[in-house]
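Indexing begins at 1, ligand by ligand and atom by atom, following the structure's order. Just so you know, residue 1 is the first one in the sequence shown, and it goes up from there.
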Amino acid sequence: MLDFLGDLRRTHTCGELRATDAGAKAVLMGWVHRRRDLGNLIFVDVRDRTGITQVVFDRERQAELHEKAYTLRNEYVIAVIGQVRQRQSVNPNLPTGDVEVIVDELCILNDAKTPPFLPTETVTANEDLRLKYRYLDLRRPPLQSNIELRHQVALAIRNHLSARGFFEIETPFMTRSTPEGARDYLVPSRIYPGQFYALPQSPQLFKQILMISGFDKYFQIVRCFRDEDLRADRQPEFTQIDLEMSFPQQERVFEVVEGFLTAAFAAAGVAIKTPFPLMTYDQAMRSYGSDKPDLRLPALCDVSDTLSAEIKQTLVLDPDLPIVAVRIPKVGEISRKERDENRLLFSKTPGPKLLDDIKRLEKSWPDAVAKIRQNCGAATDDFLAIVGSAPLEKGAPVCPGVGQAGVVRAAEKVVFTAAGAFRLEIGRKYADRHQAFAGDRKDPNSFQFVWVTDFPMFEWDEGDGRWMAAHHPFTSPHDQDMDKLESDPGAVRARAYDVVLNGTELGSGSIRIHRQDIQSKIFKAMGMSEEEAKSRFGFFLEALQYGTPPHGGIALGLDRIVMILAGADSLREVIPFPKTVTAQDLMVDAPMHVSESQLEELHLTPAFHGLSPDNRKLLKTCETVLHHLHTELFGKDFPQNTPLQAAVALIFAKSFGDAEAIVRLARAGYGSQAAGLCRSLIESAVNIRFITENDTQDRALAFLKSTAPDIQRLATKLRRTSSQAEVIAVFEKAEQLARESSWPRTVKDRMEAIPSVERHTYDLLYSMLSQVIHSSVSSMAGVYSESGNAAQISLPPTSKDIELPLMIVLDFTRVVAVETFKVFGLEFSRVDAVYDEFQKQRAATL
Ligand code: ASP
């Protein structure tokens with residue numbers, strides 16, 4: 001039997017009571033964290049978000065209560081009322097460990113199934129199980145504290161930015177593709193068949209537009225979505241601290257970021273040093289072999305000059321490429337076997353060369369090695385290795401970007417990168433010895449921030465064979481490098497910057513292009529045609545022309561910052577409801593299959609796989625035509641002032657419905673069924689032409705009468721059980737009404753009133769349709785094999801007879817549309833352009 005909460009209120013949280021509270025009355029509520037049964041005494045640890053308090057049930061005081069406490073199990077939800085008293089044996093590990101509550105009253109507010117794992121400090125359950133029962137996992141104290149930390153950090157950042165004049169402004173989630181260049185998550189539109197919204201990879205263009213709109217300083221703690229292959233430290237949706245400001249130099253952005261990071265780290269009890277050091281991309285590559293240098297270990301040391309040409313030759317090192325020493329402090333003696341293992345950590349790309357036997361080198365060239373030790377500041381117990389390059393084949397093809405002064409050359413980069421990666425591997429391996437990664441939170445050296453600036457503007461994309469924006473194409477090039485945009489794109493530096501902490505990129509940003517002329521040049525340098533640029537970012541290019549202030553900004557990953565501050569080793573430890581590495585949410589079980597009808601509604605039912613490429617093209621044209629017709633004509637009021645308008649609206653609506661159904665059937669491989677429907681579409685075309693040919697209003701009236709409600713109502717009078725007499729009566733009545741309407745009875749009658757050229761077309765099509773429909777019927781009846789009695793019946797979906805119905809859709813929706821647009825005085829040219837385009841294609845392929 002469970003108890004009700006009633007009007008019982010907590011006096012304290014479970015983390016609150018101290019020795020000074022002894023003697024007070026306390027009402028605590030929470031979860032049964034642990035129950036220990038010591039015969040006469042039952043001890044229960046009650047847990048809530050703030051901590052744990054021990055409560056005691058004493059049989060000698062209250063036998064009945066003791067019995068009730070006996071029924072408590074892990075994770076039951078309880079309220080206890082009792083008295084705080086000093087504990088006899090204090091628990092130094094709990095903040096509340098000096099006291100306990102001796103219980104007078106117990107309410108069991110809810111029971112709990114035996115959980116698949118207990119929400120203790122450490123949990124042995126595998127991560128999948130934890131994520132499936134995330135609500136239980138989140139009860140664990142480490143996660144409770146991570147989520148609280150996340151809140152504190154976000155709050156500190158908000159407060160800091162708000163105090164400095166930044167407005168938090170929301171931007172849409174359902175939007176167009178943004179320029180970050182990852183794969184988009186798409187949201188299908190129900191209203192616009194075949195069209196999609198994209199979830200933003202970042203609010204990039206919106207925040208720039210907010211600057212154009214004069215908001216001056218914007219920020220947002222915002223979810224971003226990128227459909228990338230996942231790694232341990234990536235999530236499909238993640239949170240950015242996104243900001244943008246008007247009229248800044250990059251230093252203004254740095255000040256703001258350093259300010260809010262100071263506040264965020266302070267919220268976690270960590271003091272950091274500002275301003276952060278600056279380093280150009282070029283320096284970072286040369287000194288650390290990485291654009292996210294970890295400054296906690298010594299930089300690479302250039303030793304090229306220390307080695308004579310002779311030595312280089314003997315060691316088979318390319319004298320024109322970098323030769324650097326990797327030094328890791330305090331590694332001490334390492335065995336030969338260890339050295340062999342370490343060698344496996346070195347780059348496998350051809351070119352870079354590792355010389356790791358310093359002792360042997362020392363024997364051969366004691367002076368040179370002594371000089372190297374001295375230049376690198378290496379103590380005797382430091383790890384030291386040399387990295388250079390095997391001689392490059394002269395004249396071998398080199399990728400663009402080689403050879404510009406001031407920008408690290410591609411061939412050099414290979415060597416630096418290999419040395420930099422090796423430095424980190426060895427650094428990690430011997431972390432216990434050098435202690436540089438120990439991460440004492442009190443020591444500001446544990447948090448080594450650096451700004452990396454002057455990134456290259458473009459990266460060469462081997463696959464596409466063109467230059468791509470290294471950050472995004474709205475990043476401004478350096479003023480001094482503008483003239484190289486065309487002549488030497490690889491040498492153009494961007495006003496882009498990254499903030500890096502301990503070798504991890506926390507965020508990146510840039511000063512933006514605020515002039516349309518420069519923006520066009522950048523697109524051009526990237527080999528993007530004006531058309532492509534327009535179709536992707538047209539709205540933005542237009543906006544740029546209405547008085548755009550100089551502006552710039554940055555975005556930092558909140559998840560990563562919290563992860564570092566929490567000392568967690570995965571983003572999933574600091575995101576309340578994360579996805580797995582395989583992009584699933586195991587708790588709600590997403591992604592999931594949806595019903596056919598949902599897919600249908602979103603126009604996502606797949607086309608029959610057997611359709612030929614030509615048929616697919618034709619389908620696409622039909623869908624485009626129908627889409628245009630839909631946008632032009634539906635969702636507006638059709639004026640109904642004359643019989644003509646009323647009749648045409650009806651005919652158009654009916655033919656549009658038929659056409660859509662035909663296209664869908666054809667798409668699904670039901671060609672001959674689609675052909676059946678075509679007769680109805682053609683009839684609509686005949687009707688509209690017949691009406692608009694002559695005596696227009698009279699004929700329209702006749703049409704309306706022939707479809708009048710009393711005729712429709714007659715049909716409902718018929719029952720399956722109707723007597724023959726009743727059936728005859730209904731039909732006679734229908735005949736009479738039809739006669740009175742003076743609407744010609746058969747399609748043929750109406751066709752005869754339309755100029756003969758068209759009539760022949762219609763006749764021809766009608767008989768073609770009949771054949772399609774009929775031949776499919778005869779094939780259903782069975783194509784018999786030689787032996788005489790085995791049937792081969794082909795059922796849809798098939799690729800047969802797809803073309804004719806689709807052609808009919810194009811030809812006859814056009815007939816209906818032309819008349820409809822005329823009657824309602826609408827501009828047909830936009831829709832007609834699609835038809836024309838198609839006719840041209842058709843003429844070309846015939
Ligand atoms: N939108 C960019 C990103 O998410 C950041 C920026 O340029 O502000 O990487």
**Q** Mark yes or no for whether Ser446, through its side chain, and Lys442, through its backbone, hold a donor-acceptor pair below 3.5 Å.
**A**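 Flag not set: sc Ser446 to bb Lys442 has no pair under 3.5 Å.
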**Q** Taking heavy atoms and a distance under 4.0 Å, where does Arg512 meet ligand 1: side chain, backbone, both or neither?
**A**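 It is the side chain that touches ligand 1; the backbone stays farther off.
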**Q** Which one holds for Glu244 and ligand 1: side chain close, backbone close, both close, or neither close, with close meaning a heavy atom under 4.0 Å?
**A**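 Within the 4.0 Å criterion, Glu244 makes no contact with ligand 1.
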**Q** Considering heavy atoms of the protein only, find what lies nearest to atom 3 (C) of ligand 1 and give residue, atom and distance to 0.1 Å.
**A**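 Result for atom 3 (C) of ligand 1: Glu180 OE2, 3.5 Å.
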**Q** Classify the side-chain pair Gln283/Tyr281 by whether it contains a donor and acceptor separated by less than 3.5 Å.
**A**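 Side-chain D/A pair, Gln283 to Tyr281: absent.
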**Q** Give the single entry among Ser202, Ser508, Gly509 that approaches atom 5 (C) of ligand 1 most closely by any heavy atom.
**A**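 The option holding the nearest heavy atom is Ser508.
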**Q** Is the closest side-chain heavy-atom distance between Ser202 and Asp242 below 4.5 Å?
**A**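 No, too far: nothing below the 4.5 Å cut-off.
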**Q** Does the separation of the ring centres of Phe447 and Phe265 fall below 6.0 angstrom?
**A**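 Centroid distance Phe447-Phe265: below 6.0 Å, so yes.
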**Q** Backbone or side chain, does any N or O of Ser510 fall under 3.5 Å from an N or O of ligand 1?
**A**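 There is no such contact.
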**Q** Can you find a non-hydrogen atom of His471 under 4.0 Å from ligand 1?
**A**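 Within the 4.0 Å threshold, so yes.
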**Q** Compare Arg226, Gln204, Gln240, Lys207 and give the one whose heavy atom is closest to atom 1 (N) of ligand 1.
**A**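 Of the listed residues, Gln204 has the closest heavy atom.
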**Q** Parallel under 30°, tilted from 30 to 60°, perpendicular over 60°: which one fits the rings of His472 and Phe474?
**A**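 The rings of His472 and Phe474 sit tilted, inter-plane angle from 30° to 60°.
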**Q** Taking the side chain as every heavy atom from C-beta outward, state whether Thr548 and Phe540 have any atom pair closer than 4.5 Å.
**A**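 A side-chain contact is absent here, since even the closest heavy-atom pair is not under 4.5 Å.
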